[in-house]
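Hydrogens, waters and symmetry mates are skipped; everything else that's a heavy atom, side chains included, is used. Computed from a predicted model, the values in this text were never measured in an experiment.
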Amino acid sequence: MAVAISLREFLDDHHLPYDIERHPHTQSSRDTAEASHHPADRVAKCLLLKDDERYLLMVLPADRRLHLGELHRSMNRPICLATEDEVAKVFADCETGAIPPAGLLYDLDTIIDDVLLMQPDVYFEAGDHEQLIHMKQADFRKLVGDASHGDYSCHD
């Protein structure tokens with residue numbers, strides 16, 4: 001699989017500059033950071049979450065884990081991880097688990113961890129497990145639009 005067509009079209013249609021980097025096949029964001037030789041705090045890990053009404057996209061650095069309790073308190077509602085089948089359904093044009101942080105594209109409310117927003121560059125899966133998209137922080141912020149943000153992660 002290559003870059004998800006809908007993602008490529010979205011980036012190009014919105015004139016967002018990006019580079020594509022190939023890397024050995026990986027199964028986790030942390031492994032992707034290692035295989036691509038990029039700091040893990042600059043590689044985005046995307047999680048599909050859900051509450052009683054809808055899905056949410058959480059974007060955090062690959063070297064951190066979601067502090068779900070803090071997110072619960074902040075949003076004042078129960079939130080849990082979506083199942084692998086739900087992820088495959090929502091991101092049908094991507095390999096399972098290779099979720100890009102383009103919530104706008106998938107009509108998902110998006111939450112970005114503050115740590116990721118402090119990085120000068122961000123790398124993220126392009127829709128498969130062998131390619132990363134690299135963007136400068138200013139362009140990444142345009143990609144995620146009006147996503148909410150906060151301190152929702154801690155180190156593994």
Side-chain angles (χ1 to χ4, degrees), residues 1-51 53-68 71 79-113 115-117 119 121-137 139-149 152-156:
M1 185 178 244
V3 174
I5 293 170
S6 57
L7 177 60
R8 183 185 297 269
E9 288 175 353
F10 184 87
L11 293 171
D12 292 345
D13 289 350
H14 290 85
H15 308 289
L16 295 173
Y18 63 94
D19 300 310
I20 299 172
E21 297 182 11
R22 295 193 64 74
H23 62 82
H25 187 90
T26 57
Q27 288 298 318
S28 75
S29 298
R30 186 180 287 274
D31 290 344
T32 298
E34 187 175 316
S36 63
H37 308 290
H38 295 300
D41 60 354
R42 294 184 186 186
V43 176
K45 170 172 59 177
C46 301
L47 304 172
L48 186 63
L49 307 174
K50 64 181 180 177
D51 61 16
E53 300 175 12
R54 65 184 184 274
Y55 293 111
L56 306 162
L57 183 63
M58 180 73 206
V59 184
L60 60 157
D63 65 343
R64 298 179 72 89
R65 64 181 170 85
L66 176 61
H67 192 291
L68 199 53
L71 188 59
I79 297 170
C80 64
L81 287 170
T83 67
E84 195 169 289
D85 287 341
E86 290 170 315
V87 171
K89 181 180 174 186
V90 172
F91 296 96
D93 62 339
C94 300
E95 287 183 25
T96 302
I99 302 171
L104 291 172
L105 176 60
Y106 297 93
D107 196 29
L108 298 170
D109 289 338
T110 304
I111 306 163
I112 311 289
D113 190 80
V115 173
L116 195 60
L117 293 176
Q119 306 308 317
D121 300 278
V122 178
Y123 301 84
F124 56 88
E125 296 288 1
D128 68 10
H129 292 284
E130 296 178 358
Q131 295 182 85
L132 283 176
I133 289 183
H134 164 246
M135 299 181 88
K136 296 290 184 190
Q137 181 61 241
D139 298 313
F140 178 72
R141 285 179 182 257
K142 292 174 187 172
L143 171 67
V144 299
D146 62 354
S148 61
H149 62 91
Y152 300 114
S153 70
C154 54
H155 279 288
D156 284 337

Next on the checklist: Run the side chain to side chain contact (heavy atoms under 4.5 Å, CB included) test on Leu7 and Ile133 for me, step by step, so that the C-alpha distance in whole Å, both residues' side-chain angles and the decisive distance to 0.1 Å come before the verdict.
Outcome noted: CA-CA 10 Å; Leu7 177 60; Ile133 289 183; 3.6 Å; yes
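- Taking both residues in full, the closest heavy atoms of Leu143 and Leu104 are given as O-CD1, 3.5 Å, listed atom of the first, atom of the second, then distance.
- Leu48 contributes atom CG, which lies 6.5 Å from atom CG of Leu108 (distance to the nearest 0.5 angstrom).
- A side-chain donor-acceptor contact under 3.5 Å links Gln119 to the backbone of Val115.
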Item to check | Trace of the side chain to side chain contact (heavy atoms under 4.5 Å, CB included) decision for His23 with Glu125 | outcome: CA-CA 10 Å; His23 62 82; Glu125 296 288 1; 3.8 Å; yes
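- The closest side-chain heavy-atom distance from Cys94 to Tyr106 is below 4.5 Å.
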Checklist entry - Please walk me through it: do Ile5 and Asp93 pass side chain to side chain contact (heavy atoms under 4.5 Å, CB included)? => result CA-CA 8 Å; Ile5 293 170; Asp93 62 339; 5.9 Å; no
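- Residue Asp121 holds its CG atom at 9.5 Å from CG of Asp19, rounded to the nearest 0.5 Å.
- Summarising the local packing, CG of Asp13 is surrounded by more than 12 heavy atoms from other residues, nucleotides or ligands at distances under 6.0 Å.
- A donor-acceptor distance shorter than 3.5 angstrom exists from the side chain of Lys45 to the backbone of Arg64, with no hydrogens or angles considered.
- Shown here for Pro17 and Met135, the closest heavy-atom pair between the two residues is O-CE, 3.6 Å.
- Note that CG of Leu71 and CD1 of Ile111 are 5.0 Å apart. Values are rounded to the nearest 0.5 Å.
- Rounding to the nearest 0.5 Å places NZ of Lys142 at 13.5 Å from NZ of Lys136.
- Across every non-hydrogen atom of Thr26 and Thr32, the tightest pair is OG1-OG1, 2.5 Å.
- Ring geometry, Phe124 versus Phe140: the interplanar angle falls from 30° to 60°, so the pair is classed tilted.
- In terms of heavy atoms, Leu57 sits closest to Gly103 at CD2-N, 3.7 Å.
- Annotation: the span from Lys89 atom NZ to Glu84 atom CD amounts to 15.5 Å, rounded to 0.5 Å.
- For the pair Pro101 and Val59, the tightest heavy-atom approach, listed with the atom from each and the gap, is CB-CG2, 3.8 Å.
- The environment of CG in Asp107 is sparse: at most 12 heavy-atom neighbours from other residues, nucleotides or ligands sit within 6.0 Å.
- Atom CG of Asp113 and atom OG of Ser153 lie 3.0 Å apart (nearest 0.5 Å).
- Within 6.0 Å of NZ on Lys50 lie more than 12 heavy atoms contributed by other residues, nucleotides or ligands.
- Taking all atoms of both residues into account, the shortest heavy-atom contact from Ile20 to Arg8 is CD1-NH2, 3.7 Å.
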Item to check | Derivation of the side chain to side chain contact (heavy atoms under 4.5 Å, CB included) call for His38 and Glu21 | outcome: CA-CA 11 Å; His38 295 300; Glu21 297 182 11; 2.6 Å; yes
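- Between the Glu86 side chain and the Leu49 main chain, no donor and acceptor come within less than 3.5 Å of each other.
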